Novice: 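Let me begin by handing over the structure; questions about it come next.
The structure displayed is predicted, hence computed values, not measured ones. When reading the values below, keep in mind they use all heavy atoms of this one structure, side chains included, and skip hydrogens, waters and symmetry mates. We name chains A, B, ... by the order of the sequence lines, and we start the count at 1 in each one.
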Amino acid sequence: MLDIRIVREQPDFVKSRLALRGGGDEAKIDELLRVDAERRKAETALQALNAERKKLSKEIGGMRSRGQDSSQLENRVRKVGDEIARLNEDVNRVDTQQKEMLLEIPNLPHLKVPCGKDASANPVVRSWGTKPKLDRTLDHVTIGTDLKLLDLERASKLSGSGFICFTGAGARLERTLIQFMLDLHTREHGYEEMSPPFLVRRDCMVGTSQLPKFEADMYGLENNQLFLAPTAEVPVTNFHREEILSVDELPKKYVAYTPCFRREAGSAGRETRGIIRVHQFDKVELVKITTPESSFEEHESLTADAEKILQLLGLHYRVVELCAGDLGFGATKTYDIEVWSPGQNAYLEVSSCSNFADFQARRMNLRFKDAEGKNRFCHTLNGSGLALPRLFAALIETGQQQDGSVRLPEKLLPYFGAGQIP
RNA sequence: GGUGAGGUGGCUGAGUGGUCGAAAGCAGCGCUUUGCUAAAGCGCCGUACCCCAAAAGGGUACCGAGGGUUCGAAUCCCUCCCUCACCGCCA
């Protein structure tokens with residue numbers, strides 16, 4: 001949620017920043033300001049009437065206690081009360097309208113974010129390793145099915161298309177990767193492990209800005225008052241919603257493994273083969289809550305923490321910075337980490353590391369008390385560390401051998417108990 | 001799922017229709033006293049929003065949330081949310 005004061009004081013700046021996203025949101029600003037002016041006008045009038053009623057009611061109290069007749073005054077105040085009721089409705093209506101509008105406006109891209117319309121304009125920030133030279137290149141579906149690591153046909157028998165069932169060594173590899181990542185982030189990177197609920201309230205989904213705009217992409221239950229979390233970002237970031245944290249407990253660093261549930265309506269296309277885009281997938285997520293002063297620095301280290309996984313697994317990847325037009329709704333700055341998939345002959349996004357600045361914190365009223373004792377909004381960040389199915393795919397595609405087996409990275413040996421499959 | 005008890009400031013906790021944004025205590029901040037510590041005394045100490053060019057200042061709202069009754073609601077009524085206890089069911 002944007003700070004209405006900034007919108008009020010620098011509307012042209014806000015509009016020009018929003019325009020960079022290319023979503024047409026800058027057109028909403030004038031209407032928002034009109035509603036804001038209306039709201040403040042109605043509020044001021046209401047407050048004046050409230051002050052009058054308060055004063056007169058006290059007089060009535062005084063007269064009664066002295067045994068005087070106050071009926072004339074009471075009649076007068078009753079009229080004021082009627083007026084208040086009427087104005088109150090106006091204020092509530094306009095206030096709600098303004099809040100709803102604010103919830104639909106995306107975050108401003110950070111000043112240093114590159115301009116560009118879509119993913120093709122995302123600059124590559126760095127890359128690590130090189131594309132492996134393979135004797136043959138099968139894709140993960142073929143490898144996985146041949147070695148009985150996963151069974152997509154039977155999965156669809158259970159849940160329809162877009163679901164994975166890992167089997168045998170595949171299921172073990174999935175579990176191994178989760179454990180490996182959690183251990184690394186907790187032991188080496190200083191994150192606190194959390195195992196949150198997978199179902200979250202509507203308020204939480206609004207807090208991290210999945211709602212109201214993207215309700216169609218979410219799985220809702222209980223008359224849409226409860227949702228299957230599309231990412232651990234939702235329960236973990238909202239863990240401290242409506243709290244005032246003390247400045248010396250920041251930054252908060254959490255890591256959580258959860259399954260993630262997404263409808264991804266209308267996303268059929270090139271990326272849908274195999275396990276690349278599914279309705280349920282596992283993910284280890286990193287979340288930080290920081291001060292405004294340190295969030296960009298923390299963003300860099302969070303991204304590095306996620307990259308470390310790929311480095312230890314010896315998988316080639318690159319990091320791209322999202323241009324303004326490709327930025328997610330709530331993010332002010334984002335790095336995507338893309339692992340190389342020999343089978344797809346493409347880079348696959350396995351992590352999206354974003355700084356939301358105070359955008360989410362405003363929505364969830366998450367604040368901290370600074371050194372001067374003032375309450376200020378926190379900054380929130382998150383990034384996958386990492387998303388499992390695509391990592392799984394890259395891993396078995398990169399490790400595939402001439403004889404049909406898959407060699408696994410050494411680092412997984414103590415976790416997996418074998419250096420290759422089968 | 002059933003029954004019951006509750007939700008008041010950072011915390012504890014008073015307050016059942018009027019001058020209550022809310023007693024008191026604790027914690028915190030400042031000052032005085034003091035060789036230091038301790039102790040004591042005095043003072044300060046919520047948040048959001050609105051008005052004002054700004055500051056100073058002023059105002060309104062907030063006692064879980066939203067409605068209602070009333071001239072006036074922390075206090076009475078309704079709905080919802082949450083917490084706790086016991087019972088039932090259950091991995």
Side-chain angles (χ1 to χ4, degrees), chain A residues 1-11 32-103 195-207 211 220-227 235 238-250 252 259 358 361-378:
Chain A
M1 192 159 74
L2 297 183
D3 182 353
I4 186 63
R5 268 170 295 196
I6 290 179
V7 180
R8 208 144 63 200
E9 284 158 22
Q10 307 176 57
L32 175 64
L33 288 174
R34 192 190 62 70
V35 170
D36 181 53
E38 193 183 332
R39 190 199 103 240
R40 286 190 294 159
K41 195 177 147 207
E43 207 165 291
T44 305
L46 176 64
Q47 288 181 2
L49 286 177
N50 266 326
E52 189 181 350
R53 176 169 74 179
K54 202 168 164 179
K55 189 170 136 259
L56 295 179
S57 288
K58 276 187 185 175
E59 279 177 34
I60 292 170
M63 290 172 83
R64 288 228 183 150
S65 66
R66 275 177 262 121
Q68 295 169 327
D69 173 33
S70 59
S71 54
Q72 216 177 341
L73 243 193
E74 280 171 37
N75 284 331
R76 209 175 120 200
V77 180
R78 197 174 290 124
K79 288 204 186 84
V80 176
D82 292 344
E83 185 75 357
I84 285 174
R86 201 179 58 73
L87 250 178
N88 206 326
E89 273 179 38
D90 286 355
V91 170
N92 283 344
R93 196 193 69 241
V94 182
D95 191 60
T96 305
Q97 191 184 356
Q98 177 171 349
K99 281 188 183 135
E100 282 170 359
M101 292 179 82
L102 276 169
L103 288 178
S195 179
F198 305 156
L199 291 175
V200 291
R201 300 163 145 273
R202 191 173 192 91
D203 287 347
C204 293
M205 295 286 277
V206 172
L211 296 185
L221 287 85
E222 301 283 350
N223 211 15
N224 282 5
Q225 293 313 300
L226 219 46
F227 291 83
N238 278 283
F239 189 67
H240 292 292
R241 78 190 330 272
E242 282 155 45
E243 290 186 25
I244 300 176
L245 302 171
S246 143
V247 67
D248 41 60
E249 55 186 323
L250 299 179
K252 290 267 187 199
D358 62 6
R362 281 180 191 284
R363 289 174 162 244
M364 60 179 83
N365 202 20
L366 166 59
R367 294 171 294 174
F368 73 100
K369 203 173 271 294
D370 71 12
E372 279 81 52
K374 265 197 80 71
N375 297 334
R376 299 164 62 199
F377 287 108
C378 298

Novice: Taking only N/O atoms, report every protein-nucleotides 70-72 of chain B pair under 3.5 Å with atom names and distance.
Specialist:
residue: B:rC71; atom: OP1; partner: A:Arg78; partner atom: NE; Å: 3.4
residue: B:rC71; atom: OP1; partner: A:Arg78; partner atom: NH2; Å: 2.6
residue: B:rC71; atom: O2'; partner: A:Ser57; partner atom: OG; Å: 3.2
residue: B:rC71; atom: N4; partner: A:Arg64; partner atom: NH1; Å: 2.8
residue: B:rC71; atom: N4; partner: A:Arg64; partner atom: NH2; Å: 3.1
residue: B:rG72; atom: OP1; partner: A:Arg53; partner atom: NH1; Å: 3.2
residue: B:rG72; atom: O4'; partner: A:Ser57; partner atom: OG; Å: 3.2

Novice: Identify the heavy atoms of A:Asp69 and A:Met63 that sit nearest to each other, and give their distance.
Specialist: O-CE, 3.2 Å
Novice: Just how far, in rounded Å, is C1' of B:rA48 from CZ of A:Arg5?
Specialist: 10 Å
Novice: Atom CG of A:Asn365 and atom P of B:rC49: how far apart are they, to the nearest Å?
Specialist: 10 Å
Novice: What's the CD1-C1' distance between A:Ile84 and B:rA61, to the nearest Å?
Specialist: 12 Å
Novice: Roughly how many Å is it from CG in A:Asn50 to C1' in B:rC49, rounded to a whole number?
Specialist: 13 Å
Novice: Stem finding on RNA chain B, please: runs of three or more consecutive Watson-Crick or G-U wobble pairs, both distances under 3.5 Å, sorted by first number.
Specialist: B:1-7 with B:81-87, B:10-12 with B:24-26, B:28-32 with B:40-44, B:46-51 with B:57-62, B:64-68 with B:76-80
Novice: A:Glu242 CD to B:rU47 P: how many Å, rounded?
Specialist: 17 Å
Novice: Check the distance between B:rC45's C1' and A:Asn375's CG and give it to me in whole angstrom.
Specialist: 14 Å
Novice: How far apart are the C-alpha atoms of A:Asp95 and A:Lys99, what are their side-chain angles, what is the distance that settles it, and do they pass the salt bridge (Lys or Arg N to Asp or Glu O under 4.0 Å) test?
Specialist: CA-CA 6 Å; A:Asp95 191 60; A:Lys99 281 188 183 135; 3.0 Å; yes
Novice: What is the minimum heavy-atom distance between A:Leu245 and A:His240, and which atoms define it?
Specialist: CD2-ND1, 3.8 Å
Novice: Can you tell me the distance, in whole Å, between the CZ atom of A:Arg8 and the P atom of B:rA53?
Specialist: 14 Å
Novice: Taking only residues two or more places apart in sequence, or in another chain, which ones meet A:Arg93 in a salt bridge (charged side-chain N to carboxylate O under 4.0 Å, His left out)?
Specialist: A:Glu38, A:Asp90
Novice: Checking salt bridge (Lys or Arg N to Asp or Glu O under 4.0 Å) for the pair A:Asp370/A:Lys374: CA distance, chi angles, key distance, verdict?
Specialist: CA-CA 5 Å; A:Asp370 71 12; A:Lys374 265 197 80 71; over 6 Å; no
